[in-house]
Amino acid sequence: QVQLVESGGGLVQPGGSLRLSCAASGSIFRVYDMGWYRQAPGKQRELVAAITKGGSTTYADSAKGRFTISRDNAKNTVYLQMNSLKPEDTAVYYCNGVGRVTWGQGTQVTVSS
């Protein structure tokens, strides 16, 4: 049973934008605050942005002012709008309920000229 499906990644030039989407099962979306995480090669997975069920948001310092997380409760979907992308944003991006330990396949974001 697939519970998290991330999409929207790709190759983009520095300064470009991408919008990631994550379709979650209702059993996750209704219960959990949702987060976008990323894992770069050789590094630990880190939380990039999170949104509560009520819509409050928090961001890692590296994402503030450039990334925007949002959720559509009718579609059980969470989004991550990423602007002004930098090479150091290159990573596999995952969404998940905050505190869950079972992950989806993620979506690759590569920022390169």
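Everything numeric here is computed off the predicted structure, so don't read it as measured data.
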#### Entry: Step-by-step side chain to side chain contact (heavy atoms under 4.5 Å, CB included) determination, Ile51 to Val78
CA-CA 9 Å; Ile51 185 166; Val78 61; 4.1 Å; yes
### Derivation of the side chain to side chain contact (heavy atoms under 4.5 Å, CB included) call for Arg71 and Ile69
CA-CA 7 Å; Arg71 63 191 292 162; Ile69 188 171; over 6 Å; no
### Message
Between Lys86 and Arg66, does the side chain to side chain contact (heavy atoms under 4.5 Å, CB included) criterion hold? Intermediate values first, please.
### Response
CA-CA 10 Å; Lys86 306 174 182 180; Arg66 300 188 300 127; 3.8 Å; yes
Quick one: side chains of residues 90-99, donor-acceptor pairs under 3.5 Å with protein atoms, not counting sequence neighbours, listed by atom name and distance.
| from | atom 1 | to | atom 2 | distance (Å) |
| --- | --- | --- | --- | --- |
| Thr90 | OG1 | Pro87 | O | 2.9 |
| Thr90 | OG1 | Val111 | N | 2.9 |
| Tyr93 | OH | Arg38 | NH1 | 3.0 |
| Tyr93 | OH | Asp89 | O | 2.6 |
| Asn96 | OD1 | Arg100 | NH1 | 2.8 |
| Asn96 | ND2 | Thr102 | O | 3.1 |

Between side-chain atoms of residues 13-28 and protein atoms elsewhere (two or more places apart, or another chain), which donor-acceptor pairs fall under 3.5 Å?
| from | atom 1 | to | atom 2 | distance (Å) |
| --- | --- | --- | --- | --- |
| Ser17 | OG | Asn83 | OD1 | 2.9 |
| Ser25 | OG | Ser27 | OG | 3.1 |

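A distance of 7.0 Å separates CZ of Phe29 from CG of Asp72, quoted to the nearest 0.5 Å. Note that CZ of Phe67 is 5.0 Å distant from CG of Leu85, once rounded to the nearest 0.5 Å. A distance of 10.5 Å separates CG of Asn73 from CE of Met34, quoted to the nearest 0.5 Å.
Residues satisfying the salt bridge (Lys or Arg N to Asp or Glu O under 4.0 Å) test with Lys75, not counting sequence neighbours, are none. With sequence neighbours left out, Ser70 forms a side-chain contact (heavy atoms from CB on, under 4.5 Å) with Tyr79. Judged as a side-chain contact (heavy atoms from CB on, under 4.5 Å), and not counting sequence neighbours, the contacts of Val5 are Val2, Gln105. With sequence neighbours excluded, no residue forms a ring-ring contact (aromatic ring centres under 6.0 Å, His included) with Tyr59.
The closest side-chain heavy-atom distance from Glu46 to Gln39 is not below 4.5 Å.
Judged by distance alone, the side chain of Thr107 and the main-chain N or O of Gly9 form a donor-acceptor pair under 3.5 Å.
For Trp103 and Tyr37, the gap between ring centers is short of 6.0 Å.
Counting heavy-atom neighbours within 6.0 Å of Glu88 CD, excluding the residue itself, gives a total above 12.
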